Amino acid sequence: MNPIEIYGERINNLSQTIAIAQRKVNLFSWARFIVFLLAVFAFYYASKPDNNSLLYVIIGLALVAGFLYIVKIHANAQYDIKILKNKKEINAEEIESIHRRPTTYFDGHIYHQEGSYSNDLDIFGPLSLYHIINRCFTKTGQEYLSNQFLNQPLDDNTAMQRQESIAESIQWLDVRQSFLAHGLEIQNDDSIKAEFQPEKALMSISQSKKIKYLRWLPIVITLITILFYTVNGNNNILLYGFIFNIVIAGLFLKNTQAIIFRCNAELKGLKLLIPAVQSILSQKPNSTELQQLLQSCSSGMMATQELDKSLNLLDSRNNVIVGLLLNGIFGFDLWMTYKIHDWHRKNKTNIPDWKDAIGRFETIFSLANFAYNNPSYTFPNIQSKGQEIKGHNIRHPFIPDDKNTGNSFEIGLPFKVMLVTGSNMSGKSTFLRAIGVNQILASCGSVVAADEFHTSILPIYSSFRKSDSLQENTSLFFDEIKRLKMIVEAVDKVQSKPALVLLDEILRGTNSEDKYYGSKQYILKLLEKNAYTLLATHDLELSKLEASHSPGIQNYSFESTIQKDELFFDYKIKKGVAVHKNATFLMEKMGII
């Protein structure tokens, strides 16, 4: 089965599972309601002077315990349904992604950097490389993935290690989808968006000292009132003790609410990851990187599970009745706020490391998912001492395979500058972008859209799209000149490995003679640098440079032909200079001239 068929089958199975789970939730809802009513009746009869009040109090407390248990399993069942629905949506989104249609995943547009190749190669934004690959749900993971595409590519050895991690993770479909399904709950919860602040304590030292000792007072009061009641049988003493405990909890309500807010904002996300991280920990990877990340995650699991228990108990007080009962009997708020404060004090320095490990898992799983969705893609051969780029059937990963046309490509010393000529819409720019995007994928340890791809990790510079800037009062032409200057200066700093320079129709903002001369001199300047340059151009005069500078400069082309009065493109690169033109034909066919 291909990925689309697998995802479709999973959607059908999940739909059936969701229906069964929903029926269970409905049963738990009724059970919770019935037990609650029974508890109310028990305490009501306990208040009657003619009844055996102590027996009814014990029954009422037992029913309260049962109610809390049912509340817990009901909440777990509801959460399970959310996860199942998330998984169903994930599979539907993957089908859309394979067809290269928009999905709801974050497109990374905020990470675009002016002056980089991110705009030219469509790295960020709708249907961009980031949009297609990203399955990260934490800010840490999203930033880590964006840095891999832009600021912090891996070195050769790390890229090869990353390949091992991705290759092993490709088959972890259930684990990856479970991980993401739980993670999406973090994105869906607006109350946990704040950044973790390890330097900021949950409460002051003086407050923690007060609560440390005062938390025992409500329990002592409850025990004393029960003792007095058994001696004299006065029901009112129980009520007085209950009210007094509520007052004590109320004195610290502001402090409790502040801790709850910070827990929801900064710590609640950790507990949502527990089931997913547990499924990861059940794996036994061979990859060294995955082993190290699992070790980092496992070190935080026990502490996070302790936090999970505390937060679950804290959530139970959100019900007013439950909150009053727990505080009136046990001083619940005081116990839970101190327990969570103590947890935070012990673990705050470790939390960033746990989140970093999870963020790296997100990136690896995103790239593994990309590989799973594109089984025809292959891992590149990363050559640590390589000085060439070559591949077979190289394609643009933004285009679905059934509509994609691949090309072979090779550049390496002494061949340094490829001049690509061709008519409009023939595939020149797409070819340049295919080389650039696949080179970026290779630098991340990812699969590439090619049957074969050999390269090393190279810096990339580009100049494709130009735009006027009213804010900076610069023209299109001057903006391009600044970009070309930046490229030359950057290439001058390249040392051991060559840079990859991608240029599309440079200097189009000046007259033909000036454009030719400027382009020629710029090409010859790059020829002297430690760089491989691919230049797409309509200027056939530039192709004459091959005669005087071969094999350093070589001509390649994309052609268009007219067949049965229709324009035809094969999108295949060929050696030599383009000879066909199509602008006049198109204008005549559309009745413009």
Side-chain angles (χ1 to χ4, degrees), residues 97 100 102-103 105-163 165-166 169 180 289 356 358-374 377-380 382 389 391 394-399 430 432-450 453 455-465 483 486-487 490 497 499-502:
S97 181
R100 299 301 187 258
T103 65
Y105 295 115
F106 178 52
D107 62 17
H109 61 276
I110 62 174
Y111 301 124
H112 168 66
Q113 290 186 0
E114 290 295 333
S116 72
Y117 53 74
S118 65
N119 188 43
D120 290 339
L121 300 183
D122 300 303
I123 304 303
F124 304 111
L127 293 176
S128 63
L129 182 66
Y130 189 94
H131 198 192
I132 291 170
I133 293 178
N134 174 45
R135 300 297 181 268
C136 301
F137 43 84
T138 68
K139 186 177 180 181
T140 301
Q142 291 169 351
E143 288 180 347
Y144 187 78
L145 180 62
S146 71
N147 286 334
Q148 297 295 283
F149 288 158
L150 198 59
N151 298 324
Q152 300 171 10
L154 307 175
D155 57 47
D156 293 323
N157 292 330
T158 309
M160 288 186 280
Q161 291 176 357
R162 176 59 56 80
Q163 283 187 6
S165 301
I166 294 170
S169 302
L180 179 56
E289 181 183 24
D356 180 71
I358 291 171
R360 290 174 183 268
F361 263 121
E362 292 174 60
T363 296
I364 292 171
F365 283 1
S366 292
L367 293 168
N369 185 75
F370 177 68
Y372 184 88
N373 286 351
N374 298 278
Y377 292 5
T378 57
F379 282 103
I382 305 294
I389 307 173
I394 301 171
R395 310 177 298 279
H396 198 307
F398 295 4
I399 304 173
T430 300
L432 264 62
R433 288 191 173 92
I435 300 299
V437 171
N438 281 301
Q439 180 64 36
I440 291 168
L441 288 171
S443 73
C444 299
S446 170
V447 294
V448 296
F453 198 73
T455 188
S456 58
I457 310 304
L458 309 176
I460 302 175
Y461 305 99
S462 68
S463 179
F464 281 45
R465 296 172 175 143
R483 183 72 170 269
M486 180 276 293
I487 292 174
K497 292 183 180 180
L500 176 62
V501 180
L502 305 171

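Because the structure is predicted, anything quoted here is derived from the model rather than measured.
- Summarising the geometry, atom CD1 belonging to I166 is positioned 11.5 Å from atom CG belonging to N369; distances are rounded to the nearest 0.5 Å.
- A heavy-atom distance below 4.5 Å is not found between the side chains of F106 and H131.
- Every residue was checked against the side-chain hydrogen bond (donor to acceptor under 3.5 Å, both in side chains) condition with N157, not counting sequence neighbours, and none meets it.
- By the 4.5 Å heavy-atom criterion applied to side chains, L127 and P102 are counted as neighbours.
- The salt bridge (charged side-chain N to carboxylate O under 4.0 Å, His left out) analysis of residues 110-119, with sequence neighbours excluded, yields no pairs.
- At least one side-chain heavy atom of L502 sits less than 4.5 Å from a side-chain heavy atom of L500.
- In this structure, the ring pair (Phe, Tyr, Trp, His ring centres under 6.0 Å) partners of F365, at least two apart in sequence or on a different chain, are F179, F361.
- Using a 4.5 Å heavy-atom threshold, the side chains of R162 and Q148 count as touching.
- Y117 and F464 have their aromatic ring centers separated by at least 6.0 angstrom.
- The side-chain hydrogen bond (donor to acceptor under 3.5 Å, both in side chains) check on T140 picks up nothing, with sequence neighbours excluded.
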Please report the C-alpha distance between Q113 and S118 in whole Å, then the side-chain angles of each, then the deciding distance to 0.1 Å, and finally whether the side-chain hydrogen bond (donor to acceptor under 3.5 Å, both in side chains) criterion is met. CA-CA 6 Å; Q113 290 186 0; S118 65; over 6 Å; no
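- Between E362 and R135 no salt bridge is recorded (no basic side-chain N to carboxylate O distance below 4.0 Å).
- In this structure, V447 and T378 have side chains that are not in contact, with every pair of non-hydrogen atoms separated by 4.5 Å or more.
- Inter-residue side-chain proximity for V501 and S462 is flagged as unmet; no heavy-atom pair is nearer than 4.5 Å.
- With a 4.5 Å cut-off on side-chain heavy atoms, N147 and Y111 do not count as touching.
- Here the CD1 atom belonging to I364 is positioned 11.0 Å from the CG atom belonging to L145, to the nearest 0.5 angstrom.
- Looking only at side-chain heavy atoms (C-beta outward), L458 and I389 come within less than 4.5 Å of each other.
- With hydrogens and angles ignored, the 3.5 Å screen pairs a side-chain donor or acceptor of S169 with a backbone N or O of S165.
- Between F124 and F149, the two ring planes are tilted [angle within 30° to 60°].
- Residues that satisfy the ring pair (Phe, Tyr, Trp, His ring centres under 6.0 Å) test with Y461, not counting sequence neighbours, are absent from this structure.
- Applying the ring pair (Phe, Tyr, Trp, His ring centres under 6.0 Å) test to H112 and every residue at least two apart in sequence or in another chain returns nothing.
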